[in-house]
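To keep things clear, I will list the structure first and then write my remarks on it.
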Number of protein chains: 2
Amino acid sequence: MSKSNNVYKDAYNRGLRLLDETRSLPSEPELGTLLGVSRTTVRTILARMEETGLIDWNKRSKTVLREPRPDDFFPEDETDTLAEIIERSFMRRLLAGGAEAGMQINELELAREIGVGTTSVREFLIRFSRFGLIEKRRNSHWVLKGFTRAFALELTEIREMFELRSAAAFAALPEDSPVWADLDSLEDEHRLLAREIAVRFNAFSELDERFHRLIHRASHNRFIVDFYDVIAMIFHYHYQWNKAQERERNEVAVQEHLAYIAALKSRDLAKVDAACRKHLKSARHTLLTSIPEGRQPLRA
Amino acid sequence: MSKSNNVYKDAYNRGLRLLDETRSLPSEPELGTLLGVSRTTVRTILARMEETGLIDWNKRSKTVLREPRPDDFFPEDETDTLAEIIERSFMRRLLAGGAEAGMQINELELAREIGVGTTSVREFLIRFSRFGLIEKRRNSHWVLKGFTRAFALELTEIREMFELRSAAAFAALPEDSPVWADLDSLEDEHRLLAREIAVRFNAFSELDERFHRLIHRASHNRFIVDFYDVIAMIFHYHYQWNKAQERERNEVAVQEHLAYIAALKSRDLAKVDAACRKHLKSARHTLLTSIPEGRQPLRA
DNA sequence: AAAATGTTTTTTCACGATAAAAGACATTAT
DNA sequence: ATAATGTCTTTTATCGTGAAAAAACATTTT
């Protein structure tokens, strides 16, 4: 086996959802942009849609014949990229205990366990190394540095430095910058979520990421923007395993975001700084309490 | 062909240098640590040394028979790792003009041109991507972002943020920390270089890196420490192609370093801050003047 | 018994090969 | 003439493979 056709399968599933909305599909290039794939893949998708009787396809005409049924969709897990599969397996191992700092990581073993080639695992580890959790020994194995309190402190130190700077840059943006509209709509989403927090509290993490990314982008600095990938990755997994008081935590965070947004809109740098610090402080606290480790590192 | 034996060849060359110093070689494990390779490689080296009549090898006894001649050494270029070869080729293309921003990078073409497999090129590009000069389009090619003025400004912005913080942390280190001794010996090296600057000015870049890495390490933050890799990489190539007023620039930098060191030793945070800022300002200026680009970005 | 050497096994590194996906070119339809 | 479709070519993603290098195990020497 060489390459899975998950790109096709994922695009096909997304394509099925388009059938509900229209009587006939647009042109091939248009579908390509819509689904984010090449025309080659679009044609493979159309071919199958015709085969399964979903559409009638003849050159430019692509008439919808019937609505897609649940069994028309490819199974969810066949649409994942290899990188996603490897990351999930790796993180499960890492968080499911038994992952002591200093432990060595074996490419071959990982590859066998996940059922993929070594090349993919190697590439994953190289990409993953920028998160600061693993390190390579020159022509030898990888070493796990562990998701420790020290790691969390180092991460949040940078995060705070970057976000304070980005927030200040954001507040200084001209009136006519499109980010203000983005901020307004994020504010609306926050208000909506605040009202429905009891039932939709788990929708927060996604909103959280969009909000912070918007702020970081104001820095106009690729290193700051890219660093948010590290934070996002950590918080993504953190949300999955630390469910304690999730509702309460998110409720507090939404309110902090709203205060933060208000401060940004005021363009008062002192207020922005205060609101930003307050939110980051509680975000750090949440992260730290979820790391079980008795002893605090020496450097406070 | 599968894997070159550059590890062996490089270790062999370094091993030859040991022959000058002793009558007989130490044990295999000891040689392994000394050369930074496994015992397997040590034994391959010893086998060849015996074959070429350099030593007499019988179990524990490894008697030196003669001094190594120049032709005993493997050629320099056979001791490079593939990663080094690829990086050099890539940077040469990137700096040798014709590398416009937005240009796309072709893995296969690069691999063919350098004469290596595609896997190695892919892995190199993934590793290299953290420098912020290239970016991957999801299941498609890489895009060159270009070594532009904007890049240099973003890089130096982070550098200044990190170094000011590290320098402050450094100055706050306790009296008995071993870094003060390191700083002292670096100071000596700087004084020595200052005296011989006329003839040894090109020894500065290596000293520069060691000095700044020492300071960054005081942050005790892996993200700050790792970020110096980006700076080091840029400066490494920058030094190679911008030779204008190299001697003068380095002379100034050495003096700035000495002032910076004095400030650190005084532990006066205000002085540290001032000396650090002054040096970083001229470093930024040097880097910026070497980038030919008329228009300055809008965000000043 | 501790440390070295001798031997075998495992892992890493790098390649060529192959299917999926993208992209380029030629042709046809509006 | 522009934009779509049809066809062919190139590139990317992934695997299995084999040599280099590391690591583990067994045996001998001090």
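Residue numbering restarts at 1 for every chain, and letters A, B, ... go by the order of the sequence lines.
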Base, sugar-phosphate alone, or nothing: which one does A:Thr44 contact when heavy atoms must sit under 4.0 Å apart? nothing

Quick one: label A:Thr119 by what it contacts on the DNA or RNA (base, sugar-phosphate, nothing), any heavy atom closer than 4.0 Å. base

Gap between atoms [atom1] and [atom2], on [X] and [N] respectively (whole Å):
X	N	atom1	atom2	value
A:Asn6	D:dA13	CG	C1'	10 Å
B:Glu28	C:dA2	CD	P	21 Å
B:Leu31	D:dA21	CG	C1'	16 Å
B:Asp10	D:dA22	CG	C1'	16 Å
A:Arg138	C:dC13	CZ	P	10 Å
B:Tyr12	D:dA21	OH	P	15 Å
B:Leu110	D:dT10	CG	P	18 Å
A:Ile45	C:dA20	CD1	P	14 Å

Is a side-chain donor or acceptor of [X] paired with a backbone partner of [Y] at a separation under 3.5 angstrom?
X	Y	result
B:Trp142	B:Leu144	no
A:Asp72	A:Arg69	yes
B:Asn13	B:Phe74	yes
B:Ser120	B:Val116	no

The contact string for nucleotides 24-30 of chain C, one letter per nucleotide 5' to 3', using protein heavy atoms under 4.0 Å with B, S and - for base, sugar-phosphate only and none, comes out as B----S-

Phosphate contact ([N] OP1 or OP2) by [X] side-chain N/O below 4.0 Å:
X	N	answer
A:Lys9	C:dA21	no
B:Ser120	C:dA14	no
B:Ser4	D:dA20	no

Polar pairs (N or O, both sides) under 3.5 Å between protein and nucleotides 10-12 of chain C?
residue, atom, partner, partner atom, Å
C:dT11, OP1, A:Asn106, ND2, 2.7
C:dT11, OP2, A:Arg112, NH2, 3.2
C:dT12, OP1, A:Glu107, N, 3.4
C:dT12, OP2, A:Asn106, OD1, 3.4
C:dT12, OP2, A:Glu107, N, 3.2
C:dT12, OP2, A:Leu108, N, 3.2
C:dT12, O2, B:Lys3, NZ, 3.0

Candidate nucleotides C:dA14, D:dT14, C:dT5, ranked by approach to the side chain of A:Leu82 - the nearest: D:dT14

5' priority, DNA chain C, between B:Pro29 and B:Val121 [closest heavy atom]: B:Pro29

Starting at the 5' end of DNA chain C, which residue's closest nucleotide do you reach first, B:Pro26 or B:Gly117? B:Pro26

Taking side chain as C-beta onward, heavy atoms only, is A:Ile158 less than 4.5 Å from A:Ile231? no

A:Leu125/A:Ile134 under side-chain contact (heavy atoms from CB on, under 4.5 Å): CA gap, chis, key distance, verdict: CA-CA 8 Å; A:Leu125 291 171; A:Ile134 60 173; 3.8 Å; yes

I need the single residue from B:Arg43, B:Arg48, B:Met49 that forms a side chain to side chain contact (heavy atoms under 4.5 Å, CB included) with B:Ile45. Which is it? B:Met49

Going through the checks in order, is the side-chain contact (heavy atoms from CB on, under 4.5 Å) test met by A:Lys9 and A:Thr79? CA-CA 6 Å; A:Lys9 285 178 175 170; A:Thr79 62; 4.1 Å; yes

Taking it one step at a time, do A:Phe223 and A:Phe162 satisfy ring pair (Phe, Tyr, Trp, His ring centres under 6.0 Å)? CA-CA 10 Å; A:Phe223 300 105; A:Phe162 284 178; 9.1 Å; no

To the nearest 10°, give me the bend of the helix from C:dA1-D:dT30 to C:dT30-D:dA1, comparing the axes of its five terminal pairs at either end. 30°

Check the surroundings of atom CD in B:Glu76: do more than 12 heavy atoms from other residues, nucleotides or ligands lie under 6.0 Å from it? no

Is a donor from one side chain sitting under 3.5 angstrom from an acceptor on the other, for B:Tyr237 and B:Glu87? yes

Do A:Arg213 and A:Asp182 meet the salt-bridge criterion of a basic N to acidic O distance under 4.0 Å? no

